[in-house]
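Step one of this worksheet: look at the structure below.
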Amino acid sequence: MDALFKTVEETAEPLQADVKGQIPEWLKGSLLRVGPGKFEVGDQSYNHMFDGLCLIHRFNIESSKVTYQNRFLRSDSYVLAQQQNRIVVTEFGTNSYPDPCKNIFSRFFSYFWDTTGSGPSDNCNVNLMQVRDEVYAMTETPLMRRVDPQTLETDPEKVDRSKYVALNLITAHPHTDRDGTIYNMASRFGKDGLFGLVKMPIPDEGERNNPTQKAYMVATVPQESKTRPSYFHSFGLTDNYVVFVEQPMYINVWKLMFSKFTSGKSVSAAMEFDNDAPTRFHVIEKKTGKVLPTVYLSDSFFAFHHINTYEEDGQLVVDLCCNEDGNGVTALYLENLRSSEYPLADGIVAAKRYVLPLQPAEASDQDNLVTLVDTKASAVLREDGTVFCTPERLCPGIVELPRINYDYYNGKKYQFFYGVSGQINMLIKGDIQTKSSKSWKETGCYPSEPIFVPAPGATAEDEGVVLSLVVKSLSGEDRSVFLLVLDGETFAEVARAEVPSPAQACMTFHGIFLPNA
């Protein structure tokens with residue numbers, strides 16, 4: 001597994017891959033992936049998996065042939081590091097020296113001290129977003145970088161969403177509605193701190209270089225503590241509602257301010273999980289921005305990723321990848337990932353379902369308000385008026401980096417999801433109805449987040465293929481890369497495209513598939 005967290009060299013020009021098996025003729029387009037690719041600069045090293053300088057990968061599929069290339073995002077974080085041969089910009093888990101304030105909370109710091117105009121990191125290594133025919137790399141700061149989806153070259157101009165909406169933190173997991181409108185959840189820190197739902201209407205032709213010009217905040221949720229706001233990474237969207245989970249993973253502002261002097265680990269060192277505090281689900285009406293008054297609570301958990309959310313019979317079904325111990329952030333320090341053969345063993349992440357009754361009636365605390373017949377999840381109305389929710393586990397084993405048939409089933413009732421399992425060495429297909437799963441695994445292979453691509457004219461939810469970038473390392477030193485193609489229904493391998501040396505890859509977070517026009 002150590003091979004996943006080592007610096008790789010850039011392969012900017014496309015290399016022809018050796019295809020084994022038969023790639024479906026209808027599969028034409030580009031699989032784009034993003035993640036860290038450079039973990040050291042000069043004699044300095046990054047501390048956390050979220051910190052590595054962004055590397056963008058591209059598999060292009062045409063006429064059953066495949067090419068591969070990658071390129072580092074030319075962010076300010078990357079360019080300045082290369083110019084000065086040191087870590088210049090502070091990232092999630094690593095402070096730069098002597099400039100400790102240039103991170104995602106620099107604007108928040110300025111509320112307490114003068115940061116002389118330093119701004120957030122643009123090391124957009126978390127996810128990619130398509131807006132019309134443009135592609136943007138994102139992290140959790142307000143900054144995005146536009147990327148050419150064919151050459152992977154970086155546009156020199158940054159897009160700063162905080163110019164249009166007052167925010168400090170915004171997820172790298174926006175949702176695209178059926179009409180093309182993009183929704184996202186954001187945080188604002190300081191004396192006016194809040195959580196906000198941001199709506200970004202589809203841009204006109206003349207606005208493509210900056211698709212956020214029309215963005216505005218349509219709903220707000222108050223923060224329980226201005227000095228200890230909750231951290232979140234994603235949210236749920238249905239036809240009529242947004243579900244925001246306020247979890248007891250807190251950002252301790254005072255620790256954040258002094259992290260440079262105490263740990264050198266920046267934002268990550270200021271994060272605290274309170275196992276005794278409940279998790280709260282906030283439900284927002286998408287059209288009006290009204291926050292429903294019902295207080296939905298559960299036992300504490302931490303979740304990076306929502307799987308899917310949908311409405312059924314007056315209830316909201318919320319599926320997430322949950323970690324009860326709250327160690328999801330600390331487990332991803334590079335020293336932890338590199339030092340153990342089983343670094344994820346202590347942080348089991350399970351796929352779980354919560355059900356939120358939208359109109360809880362008067363009932364005793366023994367009555368289950370969940371009326372859906374196909375779930376064991378429960379919700380009870382307590383004497384204080386809160387609704388306490390208990391989840392159901394959707395399938396056995398670890399599940400992270402989940403994906404579904406997004407274009408047709410996001411916000412809709414669904415049956416299947418795909419994810420990474422084991423020690424990042426297995427892919428699974430989960431069946432929610434049967435509570436079972438299928439898997440793909442091969443010795444020495446580490447697959448990335450699986451992306452489902454529906455077949456043209458598909459009538460079944462799982463009719464299509466699943467794509468994954470796989471790093472193969474049998475010795476820990478060799479690091480070849482191939483594209484894996486699985487049948488979406490049977491989960492059997494259909495084909496793979498092996499990339500020749502010297503191309504290498506490492507851990508990637510998220511990505512998108514862009515079909516050819």
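- Between C395 and K435 the shortest side-chain heavy-atom distance does not fall below 4.5 Å.
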>> Between V355 and L372, is the side chain to side chain contact (heavy atoms under 4.5 Å, CB included) condition met? List the steps.
In response: CA-CA 9 Å; V355 179; L372 305 180; 4.2 Å; yes

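- Contact of the V283 side chain with the L316 side chain is registered, since non-hydrogen atoms from C-beta on lie closer than 4.5 Å.
- Residues V131 and Y136 have side chains in contact (heavy-atom distance under 4.5 Å, counting atoms from C-beta outward).
- Side chain to side chain, T171 and N184 meet the donor-acceptor criterion of an N or O pair below 3.5 Å.
- Counting only heavy atoms from C-beta outward, the side chains of L197 and Y183 approach each other to under 4.5 Å.
- Ring centroids of F50 and F509 are separated by less than 6.0 Å, placing the two rings close together.
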> Could you walk me through whether L356 and V318 pass the side chain to side chain contact (heavy atoms under 4.5 Å, CB included) check?
Replying inline: CA-CA 8 Å; L356 315 180; V318 185; 4.1 Å; yes

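- Between the side chain of N327 and the backbone N or O of T330 there is no donor-acceptor pair closer than 3.5 Å.
- A salt bridge (Lys or Arg N to Asp or Glu O under 4.0 Å) with D239 holds for exactly one of K412, K413, K286; it is K412.
- Considering N125, L53, L55 in turn, L53 is the only one that fulfils the side chain to side chain contact (heavy atoms under 4.5 Å, CB included) rule with K38.
- Not a single donor-acceptor pair under 3.5 Å links the side chain of S378 to the backbone N or O of N368.
- Defined by atom type and a distance below 3.5 Å, a donor-acceptor pair is present between the side-chain atoms of S77 and E91.
- Annotation: E312, atom CD; neighbour count of heavy atoms from other residues, nucleotides and ligands within 6.0 Å is above 12.
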>> For Y418 and I404: C-alpha separation, side-chain torsions, deciding distance, then whether side chain to side chain contact (heavy atoms under 4.5 Å, CB included) applies.
In response: CA-CA 6 Å; Y418 306 90; I404 63 171; 5.9 Å; no

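- Counting heavy atoms from C-beta on, the side chains of N410 and N308 come closer than 4.5 Å.
- No side-chain donor from either of T154 and R74 sits under 3.5 Å from a side-chain acceptor of the other.
- Minimum heavy-atom separation, I202 to G180: CB-O, 4.1 Å.
- When all heavy atoms of Y354 and C322 are compared, the pair lying nearest together is CE1-SG, 4.0 Å.
- Side-chain contact, S45 with E40: no donor N or O sits under 3.5 Å from an acceptor N or O.
- When all heavy atoms of A137 and V147 are compared, the closest pair comes out as CB-CG2, 4.2 Å.
- Remark: aromatic rings of Y46 and F39 are distant, center separation not under 6.0 Å.
- In terms of heavy atoms, H282 sits closest to E246 at NE2-OE1, 2.7 Å.
- No more than 12 heavy atoms of other residues, nucleotides or ligands lie within 6.0 Å of CD in E224, so this atom counts as exposed by the packing criterion.
- The nearest pair of heavy atoms linking K6 to C506 is O-CB, 3.8 Å.
- Considering only heavy atoms from C-beta on, R403 comes within 4.5 Å of E449 through its side chain.
- At a cut-off of 3.5 Å, with distance as the only test, no side-chain donor of Y310 or D319 sits close to an acceptor on the other residue.
- Checking Y231 against E140 by side-chain atom types alone, a donor-acceptor pair falls below 3.5 Å.
- One side chain, N240 or E311, offers a donor N or O that lies under 3.5 Å from an acceptor on the other.
- Side-chain N or O atoms of Y406 include one that pairs as donor or acceptor with a backbone N or O of T176 at under 3.5 Å.
- Inspection of the S230 and Q247 side chains reveals no N or O donor paired with an N or O acceptor under 3.5 Å.
- Between the S468 side chain and the V470 main chain, no donor and acceptor come within less than 3.5 Å of each other.
- S300 is not listed as a side-chain neighbour of D276, based on a closest heavy-atom distance of 4.5 Å or more.
- One N or O on the side chain of R161 and one on the backbone of T141 form a donor-acceptor pair closer than 3.5 Å.
- Interatomic distance, CZ of F452 versus OH of Y409, reported as 9.0 Å (0.5 Å rounding).
- Taken from CG in L31 to CD1 in I451, the straight-line distance is 5.0 Å, to the nearest 0.5 Å.
- Using a 4.5 Å heavy-atom cutoff, the side chains of K376 and V370 are not in contact.
- Taking the six-membered ring for Trp and thresholds of 30 and 60 degrees, H305 and H233 have ring planes more than 60 degrees apart, a perpendicular arrangement.
- Using the six-membered ring where Trp is involved, F302 and F304 have ring planes that are perpendicular, over 60° apart on the 30 and 60° scheme.
- Judged purely by atom type and a 3.5 angstrom limit, K199 has no side-chain atom pairing as donor or acceptor with the backbone of V218.
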> So V317 and T309, side chain to side chain contact (heavy atoms under 4.5 Å, CB included) or not? Walk me through it.
Replying inline: CA-CA 5 Å; V317 178; T309 305; over 6 Å; no

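- Panel note: side chain E324, backbone N275; no donor-acceptor pair is recorded below 3.5 Å.
- There is a side-chain donor-acceptor pair under 3.5 Å between T94 and D51.
- A salt bridge does not link E157 to R145: none of the charged side-chain nitrogens sits closer than 4.0 Å to a carboxylate oxygen.
- Cation-pi check for K226 over F189 is not met; the charged atom does not lie both under 6.0 angstrom from the ring centroid and within 45 degrees of its normal.
- With hydrogens and angles disregarded, no donor-acceptor distance shorter than 3.5 Å links the side chain of Q130 to the backbone of V135.
- When all heavy atoms of P142 and N168 are compared, the closest pair comes out as CD-O, 3.5 Å.
- The main-chain N or O of H510 is never found under 3.5 Å from a side-chain atom of N127 such that the two would form a donor-acceptor pair.
- For the residue pair H175/H306, the side-chain donor-acceptor check at 3.5 Å is not satisfied.
- The backbone N or O of Y241 sits less than 3.5 Å from a side-chain atom of T238, completing a donor-acceptor pair.
- F195 and F232 have perpendicular rings, their planes meeting at more than 60° on a 0 to 90° scale where under 30° would count as parallel.
- T181 and D179 form a side-chain donor-acceptor contact under 3.5 Å, judged by distance and modelled atom types alone.
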